[in-house]
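Data first, discussion second: the structure below is written as structure tokens.
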Amino acid sequence: MSTRAALPDLSDDVCARLRDAFRRTGYDTDGVVDALGPAHAALGRGEPELAYRATRDAGELGTLIRLFLLGSTEAEKDVEAAFAPLSLDDAVAATLLVPATDGYRAGLDVRPHGDDEGSWWVVNDLDADILGQLVPEDHVLGVGHASLSLIRATSRREVGSLLDVGTGNGVQALHATRHAKKVTATDVSARALALAAATFRLNELDVELVRGEWFAPVARRRFDQIVCNPPFVVGPPRVDYTYRDSGLAGDDASALVVRQLPGFLNDGGTGQLLASWLHVEGEDWGDRVTRWLPAETDAWFVQRDIADPGLYVGTWLRDAGIDPRSPEGRAKSGAWLDWFAENDVQGIGFGFVTLRRASGATPTIVCEDLRQAYDDPLGAEAANWLDRVEWLRANGDSLLDVRFRVPESVLLESVAEPGEEGWATTVQRLHRTDGPGWSHEVDELATRLLAGCQGALPLEDLIVLLAAAQGLEPGELAEAALPVVRELVRHGMLLPAA
């Protein structure tokens, strides 16, 4: 690993002048996309040449794009013009720039990041590809796939207070400022807090920053919402990089967050986090994660992927810039795989966890595989899932009195196979076309019952009519139907009529 210089100090004055330069040159999400055109997608694939060509005639904006997004060394006069009114001396002192033989190169990664409402700038460390060497232990990661996944999986309903645990470069807190009146962010890394502070100053946002491990910095405080992108890499208890390694063995880091987070929520408060869990021989993964939960906590565990241990180790070695074929890579791989073998690890699950403090209530705990592809952000669905769970808790004993309707987003799919008398239906499946794209196989009785759920008659009347038509006992049919109804309600595929 490389050695680290002193902490960057991007003062209010430096950030103000840098912000002026960015605004003047149009260095924001729209400006970068417009300047790069089709090269923007190629850059996302790790193909920079088109971006170099696209920025040749982009003036000062092109200089900033090449500096920060491509890792290029730029001529002194061009950098001076692009950074004005921030002087080169002040930019170097703040570690934004590093003098090079033929000009200047970036000392930090500063790039636009936006949502549907606008654009920010995020400050973090340069990655190994641009540095040309392994990054230090206290490396502050940029906005990667995991960060973006958590952003999409977080509910954006308005709250009074929000806590971002392990803020890193501050991107989760940035998004939180859209819907939370007060945002607090913590990190164990002094460097992460310094760069997060720069992110917030640059964007003129007031976010409280406190340093410490896990929830210790906010002891005896409670929040309406908590988000956490913890160091969730599983394996032997070591720390190569603070952004991904907790020093705890196995999946203990994820277990710690799930176990402690609800205690820092106000009643009814919610939490969203990324997590990993071990798939151990002879153990159901749902049973494993359920044991992490404290009492009186609603929980929705969504498994998005299961990694093979060998592929998992190789992925994280490459993430650190280590060639798995090198002597160092083979040594680390061997120790990691030995640990997995010693602990009967068959796979590593990864996904999202939604929690709610449900004081005084019988909690709902659901563990689901959602490994299918879907486009809708999970955050809105998580909030709606909690609403439906609460509705079922309040109305679960009186479902027969409820008038239900099937939403327009739910379709009935039929699969048929050829037979002696023509096509014979073998599978009927309800499919929700929005959200996570849930599907449920249903039998003929269920399809007929759901066909009547148009908001006109209560469920009990529909069951009585269906039972009479089929020559069945209404009580037995109701007993069979209610668990199906509850599951469909929980998945938003059957809703109470307004």
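Computation of the quantities below employed the complete heavy-atom set of this structure, encompassing side-chain atoms and omitting hydrogens, waters and symmetry-equivalent molecules.
- Between N169 and L141, every side-chain heavy-atom pair lies at or beyond the 4.5 Å cut-off.
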Could you give the side-chain donor-acceptor pairs of residues 491-498 under 3.5 Å, partners two or more places apart or in another chain?
residue, atom, partner, partner atom, Å
H491, ND1, H440, NE2, 2.7
H491, NE2, E368, OE2, 2.4
H491, NE2, W438, NE1, 3.3

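- A distance of 14.5 Å separates SG in C453 from CZ in R448, rounded to the nearest 0.5 Å.
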Could you go step by step and tell me if D28 and R23 meet the salt bridge (Lys or Arg N to Asp or Glu O under 4.0 Å) rule? CA-CA 8 Å; D28 55 26; R23 286 174 174 168; over 6 Å; no

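- With 3.5 Å as the limit, one finds a donor-acceptor pair spanning the side chains of E444 and Q428.
- Between L162 and K182, the closest side-chain pair of non-hydrogen atoms is not below 4.5 Å.
- Using cut-offs of 30° and 60° on the angle between ring planes, the pair H113 and W120 is parallel.
- A donor-acceptor contact shorter than 3.5 Å links the side chain of D284 to the backbone of G286.
- Under a 4.0 Å N-O distance rule, the pair R371/D305 does not qualify as a salt bridge.
- The salt bridge (charged side-chain N to carboxylate O under 4.0 Å, His left out) with D298 is formed by just one residue from the set R490, R393, R357; it is R393.
- Ion pairing between a basic and an acidic side chain is recognised when a charged N comes within 4.0 Å of a carboxylate O; R221 and E208 show such pairing.
- Using the six-membered ring where Trp is involved, W121 and F22 have ring planes that are tilted, between 30° and 60° apart.
- Electrostatic pairing of E204 and R19 counts as a salt bridge here, judged by a charged N lying under 4.0 Å from a carboxylate O.
- Checked by atom type and distance alone, the side chain of R388 pairs as donor or acceptor with a backbone atom of V489 at under 3.5 Å.
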Could you please spell out the steps behind the salt bridge (Lys or Arg N to Asp or Glu O under 4.0 Å) verdict for R191 and D125? CA-CA 10 Å; R191 184 170 184 84; D125 283 319; 2.7 Å; yes

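- Ring pair W336/Y312 is perpendicular by interplanar angle, where above 60° counts as perpendicular and below 30° as parallel.
- Once rounded to the nearest 0.5 Å, the distance linking OG of S147 with CZ of R152 reads 13.5 Å.
- Of all non-hydrogen atoms in P309 and I348, the two that sit nearest each other are CA-CD1, 3.8 Å.
- To the nearest 0.5 Å, atom OG1 of residue T199 and atom CG of residue L205 are 10.0 Å apart.
- The 12-atom threshold is exceeded at CD of Q470, counting heavy atoms of other residues, nucleotides or ligands nearer than 6.0 Å.
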List the steps and the verdict of side chain to side chain donor-acceptor pair (under 3.5 Å) for Q303 and H279. CA-CA 12 Å; Q303 183 164 255; H279 282 245; 2.7 Å; yes

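- Side-chain N or O atoms of N229 include none that pairs as donor or acceptor with a backbone N or O of G166 at under 3.5 Å.
- Under 3.5 Å, the side chains of T167 and D164 contain a donor-acceptor pair of N or O atoms.
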Run the numbers on T186 and V218 for side-chain contact (heavy atoms from CB on, under 4.5 Å), then give the verdict. CA-CA 9 Å; T186 72; V218 292; 4.3 Å; yes

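- Salt bridge status for E381 with R432: present, with a side-chain N to carboxylate O gap under 4.0 Å.
- V234 has its side chain within reach of L278: a pair of non-hydrogen atoms, C-beta onward, lies under 4.5 Å apart.
- Within a 6.0 Å sphere centred on CD of E473, other residues, nucleotides and ligands contribute more than 12 heavy atoms.
- Using modelled atom types, one finds a donor on one side chain and an acceptor on the other under 3.5 Å when comparing S359 with D267.
- Counting only distance, with no hydrogens or angles, the side chain of T297 and the backbone of L293 share no donor-acceptor pair below 3.5 Å.
- Taking OG of S254 as the start and CZ of F350 as the end, the distance is 9.0 Å to the nearest 0.5 Å.
- Residues G235 and F340 share a closest heavy-atom pair of CA-CE2, 4.3 Å.
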For V32 and Y27: C-alpha separation, side-chain torsions, deciding distance, then whether side-chain contact (heavy atoms from CB on, under 4.5 Å) applies. CA-CA 6 Å; V32 169; Y27 185 63; 4.0 Å; yes

Check against salt bridge (Lys or Arg N to Asp or Glu O under 4.0 Å), D187 and R211: CA-CA 5 Å; D187 208 289; R211 185 182 181 189; over 6 Å; no

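- Applying the 6.0 Å contact sphere to CD of E283 captures more than 12 heavy atoms from other residues, nucleotides or ligands.
- Atom CG of L399 and atom CG of L459 lie 7.0 Å apart (nearest 0.5 Å).
- The shortest non-hydrogen separation linking F200 to G170 is CE2-O, 3.6 Å.
- Atom CG of D206 sits in a sparse spot, with 12 or fewer heavy atoms from other residues, nucleotides or ligands closer than 6.0 Å.
- A distance of 7.5 Å separates CG in D109 from CG in L69, rounded to the nearest 0.5 Å.
- Considering L174, V122, V123 as possible partners of N203, the one that fulfils the side-chain contact (heavy atoms from CB on, under 4.5 Å) test is L174.
- Checked for salt-bridge contact, D251 and R288 meet the test: a charged N lies under 4.0 Å from a carboxylate O.
- In this structure, the side chain of T354 does not engage the main chain of A382 through any donor-acceptor pair within 3.5 Å.
- Panel note: side chain Q346, backbone D308; no donor-acceptor pair is recorded below 3.5 Å.
- Evaluated for a side chain to side chain donor-acceptor pair (under 3.5 Å) with R157, the options T270, D387, D224 yield exactly one hit, D387.
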